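Some notes on the structure that comes next.
Note that the coordinates shown come from a computational prediction; the quantities given were computed from them, not determined experimentally.
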Amino acid sequence: MNAQEAMRYVESEYEIIKLTPCEICGGEYLQNYQEVVSRDDLMYDILTCVCSNCGHEKSFEFHAPYLEEVKRKTKSKSKIYN
């Protein structure tokens with residue numbers, strides 16, 4: 001996966017958040033915190049957002065295959081140096 005393809009994934013995550021109305025008041029979510037986690041050798045991008053209108057917090061979890069590729073490359077480079 002090249003950088004352009006990875007950026008499409010990231011852009012789609014932000015687009016989904018932008019198009020998701022707050023379940024309390026219908027307001028717009030704004031990103032507050034971002035975390036990358038690994039579970040069962042799969043990478044996830046977790047974005048915690050807050051409604052700009054009422055302050056309701058919501059977490060969005062996205063599978064991040066572009067990060068799995070980075071992880072694989074990092075592991076293979078570390079094997080070379082060990």
Side-chain angles (χ1 to χ4, degrees):
M1 180 178 304
N2 64 35
Q4 186 176 18
E5 291 168 332
M7 286 307 299
R8 278 191 227 132
Y9 270 96
V10 174
E11 288 171 0
S12 69
E13 292 174 1
Y14 286 98
E15 188 68 20
I16 288 168
I17 291 169
K18 181 181 176 184
L19 295 173
T20 302
C22 173
E23 52 207 25
I24 304 299
C25 73
E28 181 180 333
Y29 284 112
L30 303 174
Q31 180 188 341
N32 189 38
Y33 180 75
Q34 184 170 7
E35 178 180 23
V36 174
V37 297
S38 176
R39 250 186 263 133
D40 299 324
D41 277 340
L42 297 176
M43 300 295 290
Y44 295 91
D45 189 14
I46 299 175
L47 294 113
T48 303
C49 302
V50 176
C51 176
S52 61
N53 192 37
C54 73
H56 176 70
E57 189 173 278
K58 178 176 179 71
S59 289
F60 293 83
E61 183 177 306
F62 300 98
H63 177 227
Y66 55 93
L67 293 174
E68 291 168 10
E69 189 167 319
V70 170
K71 184 179 176 182
R72 277 192 298 275
K73 287 179 182 178
T74 303
K75 279 184 177 179
S76 64
K77 283 183 182 179
S78 67
K79 288 178 184 176
I80 293 171
Y81 299 115
N82 287 336

| request: Is it possible for you to say whether Ile16 and Val36 belong to one hydrophobic cluster, with membership spreading through side-chain heavy-atom contacts below 4.5 Å? | output: yes
| If we only count heavy atoms from C-beta on, is the Gln31 to Ile17 side-chain gap below 4.5 Å? | no
| request: Mark yes or no for whether Ser52, through its side chain, and Glu28, through its backbone, hold a donor-acceptor pair below 3.5 Å. | output: yes
Once you round to the nearest 0.5 Å, how far does [atom1] of [X] lie from [atom2] of [Y]?
X	Y	atom1	atom2	answer
Phe60	Tyr14	CZ	OH	12.0 Å
Asp45	Glu61	CG	CD	9.5 Å
Cys54	Ile24	SG	CD1	6.0 Å
His63	Arg39	NE2	CZ	10.5 Å
Leu47	Leu30	CG	CG	12.0 Å
Ser59	Gln34	OG	CD	12.0 Å

| said: Angle between ring planes, Tyr9 versus Tyr66, binned at 30° and 60°: parallel, tilted or perpendicular? | reply: tilted
| query | What closest approach, in Å, do Gly27 and Cys51 show between heavy atoms, and which atom pair accounts for it? | reply | CA-SG, 3.8 Å
| Closest non-hydrogen atom pair, Cys49 against Tyr29 | CB-CB, 3.8 Å
| Set of residues satisfying salt bridge (charged side-chain N to carboxylate O under 4.0 Å, His left out) with respect to Lys18, sequence neighbours excluded | none
